[in-house]
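I have placed the structure first, in the form of structure tokens, so that the comments after it can refer back to it.
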Amino acid sequence: MLQADSVKVQPPSVVVAQVLTHSSTRQTIRLKAAASSQSGAQMEIHRVARDISVLNDQLEVPGIGFLAVNAFVLQAAEPVVVDTGLSLPDRGFMDALGSVVDPKDVRWIWLTHPDRDHTGALFELLEAAPQARVVTTYLGAGIMSTERPLPMDRVYLLNPGQSLDVGDRTLTGFRPPLFDSPATVGFYDDLSGACFSSDCFGAPLPSAELAGGSEVRDIPRDALRGGQLLWATIDSPWVHNVDRAAYLGTVEPLRAMDPTVILSTHLPPATGQTTEFLDMLAVAPASDPFVGPDQRALEEMLASFEPAGAP
């Protein structure tokens, strides 16, 4: 049984300070994603396994740190794209995707949930991939339709606990312990042993290099744990209000999966980190709630941007 009270959890203010001030110990990772919004450069691409690629983008969140925004390509017999990037111009998602798989060969687009950092190139990809269907929930399809309706003949509804056969493997949907959308469905790939966890396990990180990295082991341990707990309180604020035993019960399916690698939207790939990550989930309810900047803080921040001597 996980002991939720066995680790002292630092308040978000301390964690934010750690995330912003912790120095990276490695500077060898090529960084393209951070420049994509300004120069149109390609996103960073990492190969996790022979059949899994990460399409890495990232955002700087003022006062918080650098947040990875990943999509994934699963080179199954019926190729799967997991999420479609940021809903911002000039991110280069389709170019990055095309360097990994021909979009017309894509058969499935697994939308882990319909937030704007997961759906950016969805309709562009649907046009380029005429055989592809969008894997989502009834609620997910409904949320998407408040902005632009999904073509229902291109939708495949799947609930947590149900599976999808993609030719050479089975993908089984599950609800991650931490999530920010009721439409969230991650999945476990029974061939590769990979767990695609959506927002769960994400973390703002001290530098763009770390957020764009290819392996979570490159991140200093205190920055990783602090960032994950901070993200838990930001992305899943309800975690402070749940029945602790019921919440810990949602962690057990992940323990039973025992994945070879955990692939989160908001963290570099994590190989062999399951025990540490489950321990983090156990203490998340005991962490202090996140309180963001208020209007006074915003005005002070804006004032700091003004050139000296400005009226």
When rounded to the nearest 0.5 angstrom, what distance separates [atom1] in [X] from [atom2] in [Y]?
X      : Y      : atom1 : atom2 : result
Asp222 : Ile219 : CG    : CD1   : 11.0 Å
Met257 : Glu252 : CE    : CD    : 11.5 Å
His240 : Asp288 : NE2   : CG    : 7.5 Å
Ser304 : Glu299 : OG    : CD    : 12.5 Å
Leu88  : Leu59  : CG    : CG    : 6.5 Å
Ser99  : Ile45  : OG    : CD1   : 3.0 Å

Criterion side-chain contact (heavy atoms from CB on, under 4.5 Å) on Phe290 and Ile64, from CA distance to verdict: CA-CA 11 Å; Phe290 173 76; Ile64 300 296; 3.9 Å; yes

side-chain contact (heavy atoms from CB on, under 4.5 Å) between Asp279 and Arg225, worked out: CA-CA 10 Å; Asp279 288 345; Arg225 174 59 68 93; 3.9 Å; yes

Does any non-hydrogen side-chain atom of [Y] lie less than 4.5 Å from one of [X]?
X      : Y      : value
Leu254 : Pro177 : yes
Met301 : Pro293 : no
Ser181 : Asp199 : no
Val185 : Thr137 : yes
Gln273 : Arg217 : yes
Val101 : Gln75  : yes
Val135 : Ile109 : no
Pro268 : Asp218 : no

With a 4.5 Å cut-off on side-chain heavy-atom distances among I, L, V, M, F, W and Y, is there a chain of contacts connecting [X] to [Y]?
X      : Y      : value
Met152 : Phe123 : yes
Leu178 : Val216 : yes
Leu281 : Phe174 : yes
Leu263 : Phe277 : no
Val100 : Val261 : no

Is any side-chain N of the basic residue among [X] and [Y] closer than 4.0 Å to the acidic one's carboxylate O?
X      : Y      : value
Asp294 : Arg296 : no
Asp153 : Arg133 : no
Asp189 : Arg169 : yes

What's the shortest heavy-atom distance between [X] and [Y], and which atoms?
X      : Y      : answer
Ile52  : Ala194 : CD1-CB, 3.7 Å
Leu224 : Leu267 : CD1-CD1, 3.8 Å
Asn56  : Ala68  : ND2-CB, 3.8 Å
Thr274 : Pro259 : OG1-O, 3.5 Å
Thr84  : Ala71  : N-CB, 4.4 Å
Phe93  : Met43  : CA-SD, 3.6 Å

For the backbone of [Y] and the side chain of [X], can you confirm whether one donor and one acceptor N or O come within less than 3.5 Å of each other?
X      : Y      : result
Gln162 : Asn159 : yes
Arg91  : Gly85  : no
Arg175 : Thr184 : yes
Ser236 : Trp238 : no
Thr265 : Gly202 : no
Thr233 : Pro289 : no
Gln228 : Phe201 : yes
Asp190 : Leu171 : no
Ser207 : Leu210 : yes
Arg107 : Val80  : no

Passing option when Trp110 is tested against Phe196, Phe72, Tyr188, Phe187 for ring pair (Phe, Tyr, Trp, His ring centres under 6.0 Å): Phe187

Test item: side-chain donor near acceptor, [X] and [Y], under 3.5 Å:
X      : Y      : result
Ser53  : His46  : no
Ser198 : His113 : yes
Asp117 : His266 : yes
Asp165 : Thr170 : no

Check against side-chain contact (heavy atoms from CB on, under 4.5 Å), Ser192 and Asp51: CA-CA 8 Å; Ser192 69; Asp51 54 352; 4.1 Å; yes

Identified side chain to side chain donor-acceptor pair (under 3.5 Å) counterpart of Ser87 within the set His118, Glu147, Arg116: Arg116

Chi angles and distances behind the side-chain contact (heavy atoms from CB on, under 4.5 Å) call for Val82, Leu111: CA-CA 6 Å; Val82 184; Leu111 191 64; over 6 Å; no

Qualifying residue for side chain to side chain contact (heavy atoms under 4.5 Å, CB included) with Pro114, from Leu122, Ile143, Thr146: Ile143

